[in-house]
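Report on the following structure.
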Amino acid sequence: MKTVAEIGQRLDVLASRAPDPNFAAEYLALGEQVLEHWVLARGMQPTRDEREGFRLLALHRQGADKLPSFNACRETCRELVYHYNLLTQQADHPEAGQRARMMGLVTNHLYFFVSGKMENEELGEFCCSSKALREKVDVERPTQ
Amino acid sequence: MSDKKTKYQEVAYYPGCALEGGGHAYNRSTKALGKKLGLKLKEVENWNCCGAMEVKNIDPKIQTYLSSRVMSIAANKMGLDTVMAPCNGCYHNLKKAEYDIANDPDTVEVVERISKKSGHDTYQAGQVETIHALDWVKETIGEEGLKERVKNSLKDMKIANYYGCMYTRPRHIFPEKDQGPGSESTSKPHFMDDLLEAAGAENVEFPLKTACCGGAHTLSDSDTSTKLVLNILQAAEASGAEVIATECPTCHSGLEMHQIRAEATLGVKTNVKIIYFTQLLGMAMGLKPKEVGLHENVSDSFAFVKEKGLA
């Protein structure tokens with residue numbers, strides 16, 4: 001599995017090339033790897049299961065367990081799957097290049113969202129540059 | 001007339017803090033559009049913050065109380081059964097309060113206790129329905145009504161509709177959504193698309209319409225927010241859009257500010273315009289750019305709207 005930084009570098013490389021429907025499988029795999037990093041950083045083993053035929057969706061579900069804010073990338077994951085289907089089912093479509101370009105941007109978004117969130121959560125590979133959003137102190141509050 | 005068409009003609013208007021600050025253009029354009037369409041907005045008297053993210057992060061039940069106070073005033077002091085909140089954050093928080101008060105006895109206990117201490121009537125489950133500005137225009141005027149009223153068509157304007165992540169999430173607090181034809185979708189929202197298309201615009205296929213703009217981290221982690229926003233701006237441009245239509249002051253400000261920041265820090269310039277849907281509809285209905293607060297936007301779109309025949 002690539003590191004988070006390597007995933008970002010690979011996305012940059014793909015973005016610098018002419019959009020190609022053949023990138024679809026790699027974009028999907030990079031999306032899965034991004035989510036694997038998130039799941040691992042939360043101390044879980046990334047699932048091998050699939051949901052609706054996609055491991056990406058199962059990984060998202062696992063990553064959002066007890067963390068509703070992670071659902072902010074739920075539709076991004078679903079868009080990724082949608083574009084994968086478009087590109088693999090209609091590889092000769094006149095819009096295939098444009099669709100590949102959009103799939104790249106959607107994958108980018110998932111990458112930025114998750115890597116940024118990892119930084120904020122003080123998880124993963126960014127500890128040296130991360131900052132706590134707030135002190136993790138339990139404050140005793142009166143009930144009245 | 002449908003129930004909602006009648007019910008939403010006069011609503012309690014809850015602008016919330018953002019619309020009095022950085023999102024004032026949204027406030028101005030919402031009021032101007034409502035007036036133009038003959039809809040009545042009665043601002044919630046002595047309203048308070050909905051609890052936004054700050055209070056919710058410390059104690060979600062206090063946030064629920066704060067939102068419940070707004071709904072209590074609308075119902076018990078103003079005698080209104082609908083609160084219209086144009087801000088996605090306020091809309092989300094009031095919907096969450098509606099849901100929690102109807103379903104969680106612990107929340108009800110906290111809301112009752114603080115309301116009593118504060119000396120106002122306690123909000124009771126079901127007294128009020130919270131709606132978004134999109135629901136308000138869609139249900140009262142609708143696409144056909146807008147088509148009849150268009151003075152300056154948005155024709156030849158290519159728009160990416162950006163809803164942000166709070167408008168549809170979490171799904172369980174929006175029981176009216178995903179109810180089939182005519183209702184809003186939480187996975188592919190379309191109310192803004194429908195309204196702007198009725199005003200003549202051409203909506204583009206935009207895959208990031210509910211993606212995160214990094215709004216919550218814009219101060220603590222500006223770089224991530226800039227990357228997220230830049231990606232949204234680039235996706236909109238790649239979709240062929242000239243304009244990103246917004247319906248949330250936080251998203252809107254984030255898109256505007258990080259568009260500038262992306263150019264300054266990453267050297268990447270994007271040209272897509274960022275305009276509230278209420279501004280676009282207002283201009284389509286014949287309002288002048290200043291009447292919908294175009295001058296209050298950070299990004300300058302005067303030349304663009306002039307070129308499109310709206311000024």
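Numbered from 1 within each chain, the chains take letters A, B, ... in sequence-line order.
A ring-centre distance under 6.0 Å is found for Phe70(A) and His60(A). In this structure, Phe191(B) has its ring center no closer than 6.0 Å to that of Phe277(B).
Neither the backbone nor the side chain of Thr168(B) comes within contact range of chain A; no heavy atom of the residue lies under 4.5 Å from a heavy atom of that chain. Contacts between Leu228(B) and chain A at a heavy-atom distance below 4.5 Å involve backbone atoms as well as side-chain atoms. For a residue to count as touching a neighbouring chain, one of its non-hydrogen atoms must lie under 4.5 Å from one of that chain's; by this rule Lys209(B) does not touch chain A. Using a 4.5 Å cut-off between heavy atoms, Pro207(B) contacts chain A through both its backbone and its side chain. Contact of Arg101(A) with chain B is made through the side chain alone, with heavy-atom distances under 4.5 Å.
Comparing Asn231(B), Ile114(B), Thr210(B), Thr186(B) by heavy-atom pairs within less than 4.5 Å of chain A, the highest count is held by Asn231(B). For the set Ala238(B), Ala211(B), Cys165(B), the count of heavy-atom pairs under 4.5 angstrom toward chain A peaks at Ala238(B). The greatest number of non-hydrogen atom pairs below 4.5 Å with chain A, out of Ala235(B), Pro170(B), Gly240(B), is found for Ala235(B). Each of Gln234(B), Lys227(B), Glu205(B), Met166(B) has some count of heavy-atom pairs under 4.5 Å with chain A, and the biggest count is that of Lys227(B). Between chain B and the options Arg74(A), Glu79(A), His109(A), His83(A), the largest number of non-hydrogen pairs under 4.5 Å is found for His109(A).
Between Tyr163(B) and Tyr167(B), the ring planes are parallel. Angles under 30° get that label, and only those over 60° would be called perpendicular. Aromatic ring orientation, Tyr276(B) versus Tyr26(B): parallel (interplanar angle below 30°, classes split at 30° and 60°).
The two residues Gln62(A) and Arg42(A) come nearest to each other via the heavy atoms O-NH1, 4.1 Å.
For Lys188(B) and Tyr82(A), the positive end sits near the middle of the six-membered ring, less than 6.0 Å away and at most 45° from its axis.
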